[in-house]
Amino acid sequence: MVKSYLRYEPAASFGVIVSVESNITYDSSGKHLLAPALEKLGIWHVRQGVCTKTLSPSLSSRAPSLAVTCVASAPSSLVASGYADGSIRIWDCDKGSCETTLNGHKGAVTALRYNKVGSLLASGSKDNDVILWDVVGETGLFRLRGHRDQITDLVFLDSGKKLVSSSKDKFLRVWDLETQHCMQIISGHHSEIWSIDVDPDERYLVTGSADLELRFYNVKHELMNGESMVNETGPETGNDGESATQNKWEVLKPFGEIQRQSKDRVATVRFSKSGNLLACQVAGKTVEIFRVLDEVESKRKAKRRLNRKKEKKSAKMGVEATENVEANHGTEEAGNVLVVAVPDVFKLLQTIRASKKICSISFCPVTPKTSLATLALSLNNNLLEFYSIESGSSTKTLAIELQGHRSDVRSVTLSSDNTLLMSTCHNAVKIWNPSTGSCLRTIDSGYGLCGLIVPHNKYAMVGTKDGKIEIIDIGSGTLSEVVEAHGGSLRSIATIPNGNGFVTGSADHDVKFWEYQIKQKPGQDSKCLTISNVRTMKMNDDVLVVAISPDAKYLAVALLDCTVKILFMDSLKFFLSLYGHKLPVLCMDISSDGDLIVTGSADKNLRIWGLDFGDCHKSIFAHADSVMAVQFVRNTHYIFSVGKDRLVKYWDADKFELLLTLEGHHADVWCLAVSNRGDFVVTGSHDRSIRRWDRTEEPFFIEEEKEKRLEEIFEADIDNTFEDKHIPKEELPEEGAVALAGKRTLETLTATDSIIDALDVAEVELKRIAEHEDEKARGKVAEFQPNMIMLGLSPSDYVLRALSNISTNDLEQTLLALPFSDALKLLSYTKDWTSNPDKVELVCRIVTVLLQIHHSQLISTPSARPVLAVLKEIIYARVKECKDTLGFNLAAMNHLKQLMASRSDALFRDAKSKLLEIRSQQSKRLEARTETKTENRKKKKQKK
């Protein structure tokens with residue numbers, strides 16, 4: 001009988017608040033912040049500082065988890081997240097469900113932006129393409145190609161009619177989305193453009209690059225009558241006809257630039273929702289906040305600047321020449337219109353300095369009453385910070401930090417009853433509940449490399465990089481005592497099976513034996529745990545790992561000279577030496593029955609040895625990089641190993657077979673802990689995440705797993721053929737090009753196969769029906785037995801069912817792979833489907849796509865003409881019916897809206913907003929008057 005095993009599957013991952021690769025963003029309400037945590041998207045309630053929901057793609061355990069690389073929130077409750085494989089998922093935040101998945105990019109998604117209404121989504125990627133998606137129809141509209149390097153940011157202009165894209169190729173491109181072409185290419189940047197943004201009123205567009213200045217552009221708007229309008233603050237252009245034709249396509253006009261404070265490159269530039277602030281985040285620890293002045297204030301500032309210039313000039317010139325100067329100025333003023341420059345509009349308000357490097361920023365869409373704005377920062381040490389920006393200063397209001405380590409997780413340890421999990425990093429120890437993933441205690445400590453939880457879960461020991469043992473009181477969450485244990489870094493701790501002590505190994509060549517003692521500290525009533533050194537053994541080289549056999553008979557010590565020494569525990573006499581590894585052994589474990597010892601090394605191999613004679617049973621090439629941790633499942637010969645190749649592997653040490661490969665971590669896996677019953681495994685990684693893998697009741701067989709692995713390799717090869725990596729890329733024209741939005745995937749190919757199968761089954765069934773009718777006509781009446789595969793549907797409905805099952809986003813690519821003969825068959829069915837009003841849109845899409853693909857062949861095929869003639873008559877009528885129905889419904893909804901408005905207090909709300917507007921205007925006038933008065937006083941004083 002073939003041996004079966006139980007499968008382990010990913011159950012939970014915790015410890016990551018925000019990952020470094022992606023941006024953060026507020027949702028439309030401003031109450032929640034969306035923070036990507038590796039493959040998941042956490043929704044944090046800002047006021048409570050709690051993660052209320054987690055959005056994670058339901059991937060199978062076999063597929064590698066892909067990190068979120070970009071996030072954008074729509075005006076509604078929808079959120080778009082882009083992933084490292086180029087896919088985009090649209091989530092509903094309220095429900096916590098994935099609405100749709102959009103596949104189109106071949107590289108990681110680097111930019112996402114919704115239009116103001118939230119009906120369109122633009123995405124940019126490392127494959128240099130921009131794709132426009134219809135969010136409502138869940139389809140790709142078209143792909144815009146032209147940039148020579150990855151897209152860094154996107155912005156919609158002119159009510160979503162135009163799109164501006166920035167790239168690492170140092171160019172800005174303005175695309176007209178109605179005609180799908182590139183209107184304008186803007187050069188002038190000396191380095192990669194990293195971020196762009198436009199203010200809410202679409203007056204200015206700002207770009208940030210590695211240059212020392214921020215560049216600003218005026219946005220030209222199309223008016224209803226076709227005339228163009230430039231923002232008043234822009235410099236005047238000539239009135240001759242040449243410049244008019246030249247400026248016809250100029251949407252962005254250079255406005256000027258402003259010097260930045262920091263020398264680091266710009267990472268993000270963002271306007272606040274109200275448009276009164278501009279934040280410039282650099283790839284360092286600072287965010288520069290600029291105040292954006294409105295037109296009245298900026299003109300006043302420009303006027304003051306001109307007056308100061310005049311005063312300076314007149315001061316420089318002698319008293320004799322004053323009259324001439326005044327005359328000149330008079331002519332200058334008459335000839336020139338007041339020109340507003342960038343410094344008149346954008347004024348540096350303050351600089352926010354964070355404790356660590358900032359990864360991304362996001363303004364809260366709701367402006368608070370007490371301050372100008374709220375700004376959220378994500379730092380590269382797994383931390384979220386919130387700042388309240390006031391006119392004079394900024395204050396940190398909140399930091400979300402307790403739910404994760406500041407750096408990578410170096411060790412994980414489970415308590416004897418599996419109820420507690422301890423993890424260590426460079427400056428803290430955290431105690432977790434492994435079943436829920438909640439952080440129970442956080443204790444400041446040294447750089448913990450290893451640890452153990454003392455039986456009864458009251459105390460824990462942590463071995464640090466500087467050779468100390470820290471005794472932690474778990475109940476109170478405090479550091480009880482620090483013992484100077486070793487002269488070098490303490491690499492390994494192993495519990496003595498009787499539970500009254502432990503053994504430590506260090507880089508100072510020492511192996512030390514310790515015992516627990518209960519002592520009463522002077523001046524304290526309660527007793528606490530301390531440790532005392534009972535034995536010390538000197539080794540020839542640095543000790544990397546120590547392990548003790550479960551019967552406490554043997555002590556195994558791994559040294560830097562690539563050997564493992566086996567000693568008798570009681571006498572410490574030499575028993576065996578295990579040599580064979582080419583690089584030092586980094587981890588090892590002894591099985592529960594004491595028969596086997598497994599060692600993992602930096603040479604990427606696992607070696608399984610017998611403890612009776614020290615013979616090597618098998619050497620397995622286990623990981624693609626160093627093996628960092630290895631452990632037996634209790635009372636079995638099954639092994640878990642983790643390595644720097646990001647994988648967790650499950651082995652059978654008797655058969656020397658790989659059972660499972662668990663993918664999920666996004667960086668090197670440092671440590672591993674297996675529960676006593678073997679029902680779950682915990683791993684800690686350089687990506688700061690702690691993951692739990694649970695044993696399920698699902699059995700599997702080795703041969704089946706091997707077949708699955710081969711299939712995966714085969715599928716990966718298919719994906720490579722789709723991409724056509726070896727075909728020389730066609731040279732893109734300077735003005736850019738348009739292409740289909742979707743991409744060919746395994747799903748689209750399977751969908752094409754399913755359509756062809758459905759067409760074949762339907763054709764056979766139609767023949768059978770025709771034969772039955774003939775027999776009926778001849779008088780041979782036998783009951784017709786329909787095909788069971790067709791699920792009781794007619795041939796036409798069966799084909800329609802196959803088409804309806806295809807995702808709307810994949811429809812184009814699916815039909816693209818359909819042969820011409822099958823496309824003709826499909827067209828013959830479409831006239832029957834138009835009678836169903838729900839399917840008119842689908843039928844129109846199918847017909848237009850097939851006509852576009854096979855246009856020339858359809859023209860030259862006589863048999864296709866009757867079908868096309870029928871479709872021409874039917875489709876126009878059906879589409880008109882649908883339009884009429886939609887128009888009627890929209891008119892009815894507008895009427896209802898008006899009725900509701902007339903019954904509500906909307907009029908009073910409008911009046912209130914009008915009143916507030918009048919009051920703000922009055923206050924501005926008062927300010928202007930006071931300023932002019934103060935200026936007049938200054939002038940009088942100067943004359944005196």
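Only a predicted model underlies this, so the values are computations on that prediction, with no experimental measurement involved. No hydrogens, no waters, no symmetry mates; every other heavy atom, side chains included, goes into these values.
- With sequence neighbours excluded, the residues forming a salt bridge (Lys or Arg N to Asp or Glu O under 4.0 Å) with Lys116 are Glu202, listed by chain and number.
- The closest side-chain heavy-atom distance from Trp670 to Asp408 is below 4.5 Å.
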Problem set entry | Worked check of side chain to side chain contact (heavy atoms under 4.5 Å, CB included) between Ser19 and Val68 | CA-CA 9 Å; Ser19 46; Val68 178; 5.9 Å; no
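- Annotation: cation-pi geometry not satisfied between Arg270 and Phe363 (NZ/CZ under 6.0 angstrom from ring centroid, within 45° of ring axis).
- No side-chain heavy atom of Cys98 sits under 4.5 Å from any side-chain heavy atom of Leu55.
- To the nearest 0.5 Å, the span separating CD1 on Ile431 from CG on Leu421 amounts to 8.0 Å.
- Listed by chain and number, the residues in a ring-ring contact (aromatic ring centres under 6.0 Å, His included) with Trp432 are Phe14 (sequence neighbours excluded).
- Relative to the six-membered ring of Tyr83, Arg89 meets both conditions, a distance below 6.0 Å and an angle of at most 45° to the axis.
- The side chain to side chain donor-acceptor pair (under 3.5 Å) check on Thr367 picks up nothing, with sequence neighbours excluded.
- By the ring-ring contact (aromatic ring centres under 6.0 Å, His included) test, His45 is found to be paired with His32, residues two or more places apart in sequence or in another chain being considered.
- Ring-centre distance between Phe640 and Tyr8: below the 6.0 Å cut-off.
- For the side chain to side chain contact (heavy atoms under 4.5 Å, CB included) with Lys649, the lone residue among Val642, Leu658, Ile639, Val630 that qualifies is Leu658.
- Remark: Tyr638 engages Tyr5, Tyr650 in a ring-ring contact (aromatic ring centres under 6.0 Å, His included) (not counting sequence neighbours).
- By the 4.5 Å heavy-atom criterion applied to side chains, Ile24 and Val18 are counted as neighbours.
- Every side chain to side chain contact (heavy atoms under 4.5 Å, CB included) that Thr286 has, sequence neighbours left out, goes to Ser262, Val282, Thr351, Arg353.
- No side-chain N or O of Trp194 forms a donor-acceptor pair with one of Asp153 less than 3.5 Å apart.
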